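Worksheet: the structure to be examined is printed underneath.
When a residue number appears, it is its place in the shown sequence, counting from 1. In this text the structure is predicted, and so the values were computed from the model without any measurement.
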Amino acid sequence: RVTGVQTCALPICFPVTIHNIIARRYAKALWSTVNDGSVDTYTSNLQDLALLIRTDKNLTILSESPAFTAKEKKNVFSEIFEKLGFSKGMKDFLNLLIDNDRFALVADISEEFRQMQLTSRRSKEALVETATELTEAQKEAVKELLEAALDTKVVIKTKVDESLIAGLRVLVEGRTIDASLKTNLG
């Protein structure tokens, strides 16, 4: 991959690649066609499809391999689009990706589109890692603290990492706030 500038728009910094640039262009194009009422649906559709492709080895191979023609890919994926209940607009967009040999970028496009959704809502995403699963009340308390500290709406994702022993680690805007026992002992 061709690498370029570092970006920290997500909780973790990553190098900008040609794939990110292409994915961003397609996500922007899709964004420009979506009305406010269908943003959540399109975001969900892209995330569901990306997850399905990532977890099914045959679909991963089909989406990434140049050995399959666009027609072959469309035959398989059109059934999947139908079963997932995608709108005509979403199906047209995904078929365009297949025609342009960009379908392998669905996961990247999904992430770029989700970031556009967060930005449009003036929200930030935070990954909260804890040693044990948080209760809903604890999640809400962490969310409120982060919103007050960042002065913006926050969407939190949680992840259990037993190696933290106790406490938590928060990744937001490329920054890490580590209040775990593991770090304090080390």
Side-chain angles (χ1 to χ4, degrees), residues 1-55 59-60 63-64 73-74 77-78 80-82 84-129 139-140 142-159 170-177:
R1 290 185 168 185
V2 178
T3 60
V5 188
Q6 289 275 338
T7 182
C8 294
L10 299 175
I12 301 169
C13 292
F14 63 94
V16 174
T17 65
I18 191 71
H19 294 226
N20 298 117
I21 293 166
I22 294 168
R24 188 170 302 121
R25 286 181 182 165
Y26 277 95
K28 283 181 180 179
L30 180 60
W31 185 266
S32 71
T33 67
V34 177
N35 62 44
D36 287 342
S38 46
V39 168
D40 290 341
T41 301
Y42 274 50
T43 302
S44 177
N45 288 169
L46 288 169
Q47 288 177 326
D48 291 347
L49 183 60
L51 177 64
L52 183 62
I53 292 169
R54 185 173 52 250
T55 57
L59 292 179
T60 302
S63 70
E64 295 176 357
K73 290 179 182 185
K74 282 182 181 181
F77 281 108
S78 65
I80 292 170
F81 303 159
E82 277 302 315
L84 293 174
F86 289 175
S87 69
K88 181 181 180 334
M90 178 57 77
K91 289 188 271 189
D92 289 345
F93 174 74
L94 295 169
N95 283 321
L96 176 72
L97 293 178
I98 292 171
D99 289 338
N100 292 347
D101 198 23
R102 301 291 190 210
F103 196 74
L105 297 176
V106 165
D108 295 324
I109 293 167
S110 173
E111 182 57 29
E112 292 290 341
F113 195 85
R114 193 176 61 76
Q115 289 302 317
M116 289 175 189
Q117 177 191 35
L118 288 171
T119 300
S120 76
R121 294 182 176 161
R122 292 178 173 74
S123 296
K124 297 192 184 316
E125 184 177 81
L127 175 62
V128 178
E129 298 176 327
K139 288 178 189 176
E140 189 59 33
V142 169
K143 180 180 179 227
E144 288 174 9
L145 283 170
L146 288 171
E147 287 178 341
L150 298 169
D151 194 30
T152 189
K153 289 187 248 175
V154 175
V155 176
I156 66 168
K157 287 187 170 188
T158 58
K159 177 181 173 187
V170 178
L171 298 131
V172 64
E173 292 189 308
R175 294 180 287 171
T176 302
I177 304 163

Legend entry - Flag, side chain of S44 to backbone of D40, donor-acceptor distance under 3.5 Å: no
Inset, instruction - State whether the side chain of S110 and the backbone N or O of V106 hold a donor-acceptor pair below 3.5 Å, judged by distance alone. - result: no
Inset, instruction - Report the C-alpha separation of N45 and F93 in whole Å, then their side-chain angles, then the decisive distance to 0.1 Å, and conclude whether the side chain to side chain contact (heavy atoms under 4.5 Å, CB included) test is met. - result: CA-CA 12 Å; N45 288 169; F93 174 74; over 6 Å; no
Legend entry - Steps toward side chain to side chain contact (heavy atoms under 4.5 Å, CB included) verdict (E129, L171): CA-CA 8 Å; E129 298 176 327; L171 298 131; 4.1 Å; yes
Legend entry - Nearest non-hydrogen partners of A126 and V170, listed with the distance: CB-CG1, 4.2 Å
Inset, instruction - Can you see which heavy atom on A27 is nearest to which on E112, and at what distance? - result: CB-CB, 3.6 Å
Less than 3.5 Å apart, which donor and acceptor atoms pair up between the side chains of residues 84-92 and the rest of the protein, not counting sequence neighbours?
unit_1, atom_1, unit_2, atom_2, d
S87, OG, Y42, OH, 3.3
S87, OG, M90, N, 3.2
K88, NZ, D92, OD2, 2.8
K91, NZ, E82, OE2, 2.4

Inset, instruction - Report the C-alpha distance between N20 and E111 in whole Å, list the side-chain angles of each, state the deciding distance to 0.1 Å, and finish with yes or no for side-chain hydrogen bond (donor to acceptor under 3.5 Å, both in side chains). - result: CA-CA 10 Å; N20 298 117; E111 182 57 29; over 6 Å; no
Can you give the donor-acceptor pairs under 3.5 Å from side chains of residues 142-156 to other protein atoms, not counting sequence neighbours?
unit_1, atom_1, unit_2, atom_2, d
E147, OE2, V154, N, 3.1
T152, OG1, R122, O, 2.6

Inset, instruction - Measure the spacing between CG of L51 and CG of L59 and express it to the nearest 0.5 Å. - result: 11.0 Å
Inset, instruction - Give, for atom NZ of K28 and atom CG of L30, the distance between the pair rounded to the nearest 0.5 Å. - result: 13.5 Å
Legend entry - Candidate pair Q47 and F113, rule side chain to side chain contact (heavy atoms under 4.5 Å, CB included), full reasoning: CA-CA 10 Å; Q47 288 177 326; F113 195 85; over 6 Å; no
Inset, instruction - Please lay out, stage by stage, how V34 and W31 fare under the test side chain to side chain contact (heavy atoms under 4.5 Å, CB included). - result: CA-CA 5 Å; V34 177; W31 185 266; 5.8 Å; no
Inset, instruction - Check I80, D48, T60 against I53 for a side-chain contact (heavy atoms from CB on, under 4.5 Å) and give me the one that passes. - result: T60
Inset, instruction - Tell me, yes or no, whether the heavy-atom count around R121 atom CZ, taken from other residues, nucleotides or ligands under 6.0 Å, exceeds 12. - result: yes
Show me the side-chain donor-acceptor pairs of residues 96-105 shorter than 3.5 Å, one per line, residues at least two apart or across chains.
unit_1, atom_1, unit_2, atom_2, d
D99, OD1, K74, NZ, 2.6
D99, OD2, K74, NZ, 3.1
N100, ND2, Y26, OH, 3.1

